[in-house]
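Predicted model, so just to flag it, every value in this text is computed and none were measured.
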Amino acid sequence: MDGVTAISLPVPTRLRLNYFSIYDRRRAVDVRFDKDVFCLAGANGLGKSTFLAALNFALTGTVPRPELNFLGPSQFYEECREYSARYFDGRISSKDRENATVEIEFEVGGTSIRLVRGMFEPESLRELSIDSGDSPLVDYSSAQLSDEERHERYVSEFLRASGFGSFAQFVFLQLLVLTFDEDRRLLFWSERESEQALFLAFGVDAETSQRAERLQRQWDKADSQARNIQWQATGVRSRLTALREAVAGSDPKAGDEEVESKHRALTVKQEAAVSTLSLAIAKVKEAELRADAAGSHAMRLRQEYERAYAERLATPRVARVHPLVQELTASGSCGVCGNHHEGIDEVPLARIEAGACPLCDSSLPTGETSADGPEAKKLFALGDDLAVAEEQKLLSENDLNFRRAEQAAAESALFEIDRALASFREANTAVLLRQDGSSISDNAESALEREIAELLERKESQLTRRNEARKELDQLRASLISRFAEMEAKFVPDFRSLAEEFLGIPIDVDLVKNGAHVNLKLTFSGSERLTPDALSESQKFFIDIALRMAFARAFGSEVAPATLFVDTPEGSLDIAYESRAGKMFGKFADGCGRLVMTANINTSQLLLELATVCDVSRMELLRMTEWSSLTDVQLEAEDLFTEAFSRIEEQLAQA
Amino acid sequence: MHESVATFDALQLIALTSSAENGISESEVQTLAYVACILALFERHEVSTWGYGFSVTPDGAPFSSALSDATQTVCRLGWCVSDGRQMTITSNGITELKFQTALAPNRIRSRYLEGSAALALTMPLPAIAAALSDEPGLDRALRFGRVVRLFGDIALEKLVEQLTSLNEFLRWEDRDANDDDLLVPAAMWIELMSRSQAGEGGHPHAF
Amino acid sequence: MPFDPALMADLAEELYVLHVSKAAQDPGVDALKLVIRTAKELYSHKQPDLFAGGLMIFSSIDDSVETGIDEPDRQFDSLADAAGWHELHTIRINEAGRFDAWAHGPAIADIQHLAIVYSYQPPDADLSTPSESIHYPGGSASVPNTNGYPSSFAAPTFWELEDAFDFYARRLAARSTCKFLKNVWAVDSDDRRLVLVNTPEVVFRESLTQYLRSTLRDAKSVRIREEQNASESHPVDIQVEWQMQTHLALIEVKWLGKCLNVAGTALARYAYSDARAREGMEQLIGYVDALYERLPDDDVLGYLVVFDARRWGVSDWEPAEITPINAWRYEHSEVTYDGLLDGRTDIRASPRIFLEPRVARP
């Protein structure tokens with residue numbers, strides 16, 4: 001199956017690290033990624049994580065800042081910038097600072113790119129060459145371009161070849177979705193990250209997901225500003241109140257009558273609007289009460305009706321229609337003794353005629369369920385009452401909605417009048433001052449009122465912006481939902497088969513609306529007791545990796561497999577789960593996915609299993625020992641390590 | 001959960017299909033009740049007012065345990081007889097149905113049940129069940145072998161969109177606004193369901 | 001997603017229920033339901049093909065309007081009785097709920113402005129499907145019956161898969177009666193049904209799936225299985241699950257004979273003989289075993305359905321001559337599965353369906 005999105009991901013083919021001090025036994029480390037699985041093995045502290053960080057740094061110029069609060073791809077990219085420039089400090093000695101570079105070759109969307117980046121230069125490139133297939137290879141490494149310009153060129157060429165809407169989106173996807181690093185961020189359990197990943201994976205196109213991110217930020221911003229402004233307005237209002245108290249009692253003078261009457265008219269209108277609003281609020285309260293009353297009344301009647309109905313069902317039935325009797329008449333055989341003869345039902349039928357049970361001869365209440373007995377009449381009447389009560393309930397709910405709308409209308413009418421009054425006072429300050437006896441405090445009062453009105457107006461406009469953003473975001477989410485529906489036929493089974501390989505019990509993933517967000521939700525269908533929260537931390541990691549794998553597969557195709565980057569996954573995993581994890585990894589690499597991973601193989605059942613699934617033609621196992629000098633403790637550990645290593649190599653050769 | 005309406009639904013559906021279809025099975029009662037519920041939705045009733053809900057389970061889809069219990073009750077009371085597969089109404093059942101149809105809470109739902117049973121006149125029962133399995137919510141659950149409550153948020157939105165577009169279309173087609181009969185929307189909806197699923201045209205119940 | 005308006009418009013054209021509703025509102029739909037219910041019940045007493053002279057059933061839209069037609073020849077209280085009258089041609093459901101019957105009824109044109117009329121014409125000499133229509137004030141609409149059932153109101157349903165296969169093989173597939181199978185043949189000048197179109201398996205699978213969907217009682221789902229996982233290649237063709245049962249059927253479809261190449265210009269290079277059926281059986285057994293491992297609690301049954309379009313001596317896609325003996329040569333050549341089925345109760349009798357040529361039987 002082809003990749004389901006228009007986005008192509010980079011497929012690294014080669015990585016070279018020059019003057020990388022942490023790998024002090026080599027001037028340069030040079031590795032190729034030409035198998036489905038690339039695994040770098042070494043004991044702890046040898047720089048496995050640094051290797052993956054360097055690979056990602058080469059591609060993106062970015063190293064993710066730990067514990068960053070994710071608000072969206074752009075924010076993430078911005079806030080990692082400074083950290084990225086410092087990350088390799090200490091990992092690279094100061095004498096190698098100038099010479100340390102990372103060099104990467106990769107394919108993306110039919111284009112081959114080779115670049116060289118200084119380890120402290122997130123936004124510049126020392127060399128760059130691009131082969132887009134249709135035109136001859138272009139080398140941008142000449143001195144005509146500055147290093148920064150070269151990086152910019154890289155970004156624009158990369159976006160063209162990959163189809164991403166922005167470089168920040170790619171950085172987000174590469175570092176937070178396709179890489180499971182030592183920070184061990186969980187995608188599934190994070191609303192925003194997984195929603196962004198969903199948009200990228202299933203969004204209609206890259207611009208859409210970019211738009212979704214922008215809208216989300218716009219919404220957040222407008223929301224928080226509206227709250228700030230409201231807070232300010234409240235502050236001003238309390239100052240105003242204090243002022244009014246201070247000037248209470250000063251007498252107004254006669255003045256320009258027209259302005260005064262207009263002013264008075266407006267004030268009257270304002271008072272009227274205030275009283276309309278308070279009336280509306282009171283009516284809402286009444287309507288709420290009525291709705292509650294109607295609701296509980298309907299509920300009580302419903303219960304009574306159900307009880308009466310149940311009694312009707314429980315009334316002993318006329319025996320003639322009892323299935324046993326019907327069977328006897330129909331088949332001519334007795335269900336108890338098995339005898340079979342003509343007229344076998346005569347005796348039982350006679351008993352029934354006589355008003356008794358045909359089997360035990362107890363006397364039975366008369367006749368059939370009546371349609372006009374007292375119970376039936378009661379049920380009938382209750383049914384009528386219930387229907388009326390439910391109608392009432394519906395009406396009162398409708399009324400409540402209507403009253404609520406009225407209240408909202410009254411609120412905005414008051415808002416309009418407040419604003420009109422404030423601007424009238426502003427326009428007629430002089431006249432009003434004359435009339436009012438020109439107290440300075442009056443002047444200040446109108447200024448404060450104006451300020452309040454302005455603030456409220458600003459708040460309103462922020463709320464409008466927020467609502468507009470929300471509306472558009474809702475539309476985008478709706479399109480995400482329908483897009484997911486188209487794609488789930490591949491995505492969901494992929495995830496399920498990978499996660500189940502690991503966990504051993506059926507696990508399911510589905511798209512759900514979670515308040516305003518759209519998210520993935522896990523469920524276990526096999527065991528009702530197990531909820532996703534009951535998973536151990538390390539199990540969560542692997543379920544999360546399965547999710548990333550499913551995402552990666554959604555992007556990848558046979559031709560351009562998506563690569564997943566995993567840092568020392570086995571970590572704290574129970575030995576029982578290690579081989580399962582290995583199977584899951586093997587399954588992923590067997591489809592249209594590739595794996596670049598690091599591992600500490602002292603005890604690793606994971607790698608042993610992975611080596612069993614893959615063979616030497618599909619998996620490259622590389623040992624870090626020759627890269628870095630070891631401490632004594634590490635040297636000791638290294639013996640154990642060597643042993644484990646040979647076991648895995650044997651397995652690879654056997655498979 | 002309202003036991004009374006489930007019992008009434010089972011009774012009426014068995015009655016309505018007893019002569020023309022020679023009776024229906026328990027799972028077909030479920031199928032037709034589900035169609036009836038969707039017809040109520042078509043007329044803009046809230047799903048929550050139907051009285052009982054439906055799920056997709058490994059054993060049956062759509063399935064309502066309230067309705068399943070109710071079907072057993074209807075048999076136990078001798079209102080219907082079963083040959084182990086299909087149930088048909090008895091004369092006591094007919095008498096009881098007359099009484100129960102007059103009960104106010106049942107009166108309003110009769111139309112939906114009739115609309116659903118009328119559908120069974122125009123197409124075979126298995127074809128109705130098959131077309132239903134293409135209904136957005138049911139289809140997703142079956143495809144992925146899920147155990148879910150039907151009419152969940154996202155699926156319900158899709159279903160309501162479908163029904164709204166159908167409602168608008170029928171209005172535009174100038175059906176008499178006073179028309180009460182629900183056979184037309186039922187037949188339209190079920191055909192559309194299979195056709196939009198099947199891609200290009202063809203009569204899904206005519207293979 | 002809302003329904004496509006164009007799709008709804010197309011459907012509205014075809015749907016007789018909607019025509020009746022527009023022409024005669026609720027009373028019309030009520031009459032229609034009565035008419036259909038009557039037809040279905042009548043057919044349960046007497047098969048449609050036994051109405052050699054045709055059948056007409058009608059019900060007035062408005063009982064208070066006098067139809068002015070002749071007095072009925074007979075009156076019946078039950079349809080069982082009516083079905084017993086040999087001359088029966090026309091039935092009216094009267095306002096008392098009784099059945100007025102005529103040996104020669106009124107002309108449709110004389111009553112359709114007042115009534116909903118169902119009319120049935122049996123298949124003619126050409127063996128084509130019967131024609132059924134609904135007449136209402138101001139128009140008529142045909143009742144779709146592209147599957148070639150005796151009547152669309154006498155569509156058979158089955159509880160057992162075996163029974164469904166049996167009907168399918170005998171009544172619908174053997175003579176390629178259903179609308180899918182009509183298109184499985186490469187049409188030569190005499191339409192003799194000797195060679196299949198390219199990739200006929202798609203047609204066979206679709207035909208069988210749609211048939212099972214419309215006839216199998218209590219099925220939870222009948223699905224053409226798609227490849228769901230990259231690791232699961234070539235799954236079995238059709239999967240059937242039942243309501244309230246853990247039992248599950250896998251159906252593998254294979255065809256024998258020759259088909260056209262992709263361009264449709266000549267015979268494809270390959271042809272399938274009975275070895276193909278054995279190969280299918282081996283695959284099927286493999287799937288059943290694999291599924292059993294995954295779902296040990298389920299009863300898995302496997303069925304192999306073989307569509308046999310073999311003809312003797314067809315070397316060109318439009319052979320000039322074929323003798324009846326050669327065309328019919330494989331009619332009774334059952335496939336043997338030497339030993340494959342020994343001790344397997346989970347692989348059920350596999351119907352081989354001989355697809356008949358349109359060449360006179362020898």
Run the salt-bridge test on C:Lys33 and B:Asp181 with the 4.0 Å N-O cut-off and return the result as yes or no. yes
Quick test of your reading of the model: are C:Arg217 and B:Glu28 salt-bridged, counting only N-O distances below 4.0 Å?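 Result for this pair is yes, salt bridge flagged.
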Do B:Met193 and C:Phe3 have side chains that approach each other closer than 4.5 Å (heavy atoms only, starting at C-beta)?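 They are in contact (side-chain heavy atoms under 4.5 Å apart), so the answer is yes.
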Minimal heavy-atom distance between C:Met8 and B:Met188, with the atoms involved, is O-CE, 4.0 Å
For the student: nearest non-hydrogen atoms of B:Pro124 and C:Ala155, plus distance: CG-CB, 4.0 Å
Who wins among [options] for the most heavy-atom pairs under 4.5 Å with chain B?
options	result
C:Ala9, C:Pro2, C:Ala219, C:Ser221	C:Pro2
C:Leu15, C:Thr38, C:Val17, C:Leu11	C:Leu11
C:Glu241, C:Arg223, C:Glu41	C:Arg223

Which region of B:Ala120, side chain (C-beta onward) or backbone (N, CA, C, O), has a non-hydrogen atom less than 4.5 Å from a non-hydrogen atom of chain C, or is it both or neither? backbone
Residue part contacting chain C, namely of B:Ser19, when any heavy atom lies under 4.5 Å: both
So does B:Ala127 get a backbone contact from the side chain of C:Arg213, meaning a donor-acceptor N/O pair under 3.5 Å?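 No, because the side chain of C:Arg213 does not come within donor-acceptor range (under 3.5 Å) of the backbone of B:Ala127.
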Quick one: [atom1] on [X] to [atom2] on [Y], what's the gap to the nearest 0.5 Å?
X	Y	atom1	atom2	value
C:Trp159	B:Ser25	CH2	OG	4.5 Å
B:Leu125	C:Thr215	CG	OG1	12.0 Å
C:Lys22	B:Leu170	NZ	CG	9.5 Å
B:Thr122	C:Leu32	OG1	CG	8.5 Å
C:Leu7	B:Phe169	CG	CZ	9.5 Å
C:Ser152	B:Met123	OG	CE	11.5 Å

Which atoms of C:Tyr43 approach chain B - backbone, side chain, both or neither, heavy atom under 4.5 Å: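 Neither part.
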Which bit of C:Val222 comes within less than 4.5 Å of chain B, counting heavy atoms only: side chain, backbone, both or neither?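 C:Val222 has no heavy atom closer than 4.5 Å to chain B.
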So which of B:Ala187, B:Pro126, B:Ser165 has the largest heavy-atom pair count under 4.5 angstrom toward chain C? B:Pro126
Going by the rule side chain to side chain donor-acceptor pair (under 3.5 Å), which residues pair with C:Asp10 if we only count those two or more places apart in sequence or in a different chain? none
